[in-house]
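Accompanying notes for the structure given below.
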Amino acid sequence: MDQQIIDIEARTWRLDSTDAKWIAALEAGKVLHFPQMEFALDEAEKQILTPAAQAPGTRSITLDARGRFKGAAGDPGQQAVIAGMIGRFRAQAQDLVHSLLPAYKNTLKMATTSYRPLQVETRVQSWRSDDKRLHVDAFAGRPNHGERILRVFTNINPNGIPRVWRVGEPFEEVARRFLPRTEPYSRWHAYWLRAQFKTKKVRSEYDHLMLQLHDCMKADPEYQKTAKQVTIPFASGSTWVCFSDQASHAAMSGQFMMEQTLHISVDDQYDPQSSPLAILTRLKGHKLV
Ligand code: SIN
Ligand code: FE
């Protein structure tokens, strides 16, 4: 398998310069890894590196695109520290993507920023929400009609514990393997889901296929074991970036991570033909959105 992880030496969040090779690799579904790009915490922020920072029953602590802050526990003082840390991470992640991908700058859409203080390996989940299984990101309630999911991650573990991921085969290989197993798309079902408020928009055939790939991958234990893959321990103090709707990934262990999601439309990519929408459209032979 071609190398799926590209190491980049840069230390500062605003890169001095970018490289067409990095951009092409990212848009080809590879993970850009910045081993020395640290998100430095101040003393007050170090005090909130505890699972108790998160409100019971929530998946993570989030700041959404409109600035709504959710999921934090503790008194207003503690919550302000958490919100400040997430806001600062958002600004730094934005610096990174703007300097890495200058042509995205005017069209990139800010989405949720999260702080994830829970330990990955002790989470109990259904197979479908189990991110310890290789998958591409696709969300049942949030059809995106091909819009891309770009994510920046940073491990902020204070005890030097890595966040261990598995990264799988390229998207086209995933698609070629699982498309024959996907259930047919039903427009009526998609409208019904929308009418029932189960989805935020009508689910397109693209969204249906992405969900099917996500589910088929996770539901296949043999594939999980035997698929081409690499295990990568992302060290504390490192940062990585990928299109998570394209890079096959699984989070195996670790605790304390920051994450930024951004969206961009396929047409605004450097190479729209490398997108999951273009690949699936080519393989299916008809329009999917
Ligand atoms: C995921 O996006 O599947 C989870 C990433 C992580 O928790 O490290
Ligand atoms: Fe994921």
Side-chain angles (χ1 to χ4, degrees), residues 4-5 26 29-35 37 39 49 51 53-54 58-62 71 86 89 93 97 111-144 147-171 174-175 178 207 209-220 223-224 227 229-263 276:
Q4 288 303 100
I5 306 192
L26 180 72
K30 296 175 191 292
V31 178
L32 302 187
H33 175 210
F34 300 86
M37 193 171 286
F39 179 61
L49 294 178
Q54 185 170 323
T58 54
R59 272 177 71 96
S60 58
I61 306 175
T62 56
I86 295 180
F89 180 71
V97 294
T112 299
T113 317
S114 64
Y115 165 41
R116 305 184 187 191
L118 303 190
Q119 198 181 28
V120 169
E121 51 274 50
T122 55
R123 276 194 309 224
V124 183
Q125 286 162 321
S126 68
W127 66 267
R128 194 175 262 130
S129 21
D130 183 3
D131 290 338
K132 294 195 290 303
R133 300 175 190 219
L134 285 168
H135 65 284
V136 288
D137 283 352
F139 302 102
R142 284 181 270 153
N144 62 28
E147 186 174 61
R148 307 305 314 281
I149 305 172
L150 178 64
R151 291 192 149 151
V152 179
F153 303 90
T154 292
N155 182 353
I156 56 168
N157 190 286
N159 306 313
I161 294 170
R163 197 165 193 95
V164 179
W165 273 30
R166 291 186 291 147
V167 175
E169 62 190 352
F171 183 84
V174 172
F178 288 105
D207 295 293
L209 291 174
M210 290 297 289
L211 274 174
Q212 287 277 303
L213 295 182
H214 169 276
D215 288 3
C216 288
M217 292 170 82
K218 281 188 174 175
D220 185 340
Y223 178 74
Q224 292 293 325
Q229 55 190 283
V230 288
T231 296
I232 163 125
F234 291 114
S236 173
S238 74
T239 296
W240 60 107
V241 182
C242 68
F243 278 110
S244 63
D245 53 359
Q246 182 175 12
S248 162
H249 62 283
M252 306 312 293
S253 62
Q255 187 175 15
F256 305 115
M257 182 180 75
M258 306 300 294
E259 174 270 335
Q260 175 67 57
T261 302
L262 302 122
H263 298 300

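Both ligands and their constituent atoms are indexed starting at 1 by order of listing.
Note: F178 and Y223 meet the aromatic proximity criterion, with ring centroids under 6.0 Å apart. Between H33 and W240, the distance from one ring center to the other does not fall under 6.0 angstrom.
K30 has its side chain out of reach of Q246: every pair of non-hydrogen atoms, C-beta onward, lies at least 4.5 Å apart. Side-chain atoms of F243 and L26, non-hydrogen and from C-beta on, do get closer than 4.5 Å to each other.
In the candidate list R163, H249, Q255, H249 is nearest to atom 2 (O) of ligand 1, counting heavy atoms. Scanning N155, D131, L134 for the heavy atom closest to atom 4 (C) of ligand 1 points to D131.
Residue contact annotation: H135 has a non-hydrogen atom under 4.0 Å from ligand 1.
For ligand 1, none of its N or O atoms has an N or O atom of R123 under 3.5 Å away.
The closest side-chain donor-acceptor pair between D137 and H249 falls under 3.5 angstrom. With no hydrogens or angles considered, a side-chain donor-acceptor pair links R166 and Q229 at under 3.5 Å.
Inspection of the environment of the Fe ion (ligand 2) yields the following protein N, O or S atoms under 2.8 Å: H135 NE2, D137 OD1, H249 NE2.
The salt bridge (Lys or Arg N to Asp or Glu O under 4.0 Å) analysis of residues 234-262, with sequence neighbours excluded, yields the pairs R116-E259, R148-D245, R151-E259.
Shown in contact with M257 at under 4.0 Å from a heavy atom are these atoms of ligand 1, numbered in order with element: 6 (C), 7 (O), 8 (O).
T154 pairs with exactly one of F34, F39, F234 by the side-chain contact (heavy atoms from CB on, under 4.5 Å) rule, that one being F39.
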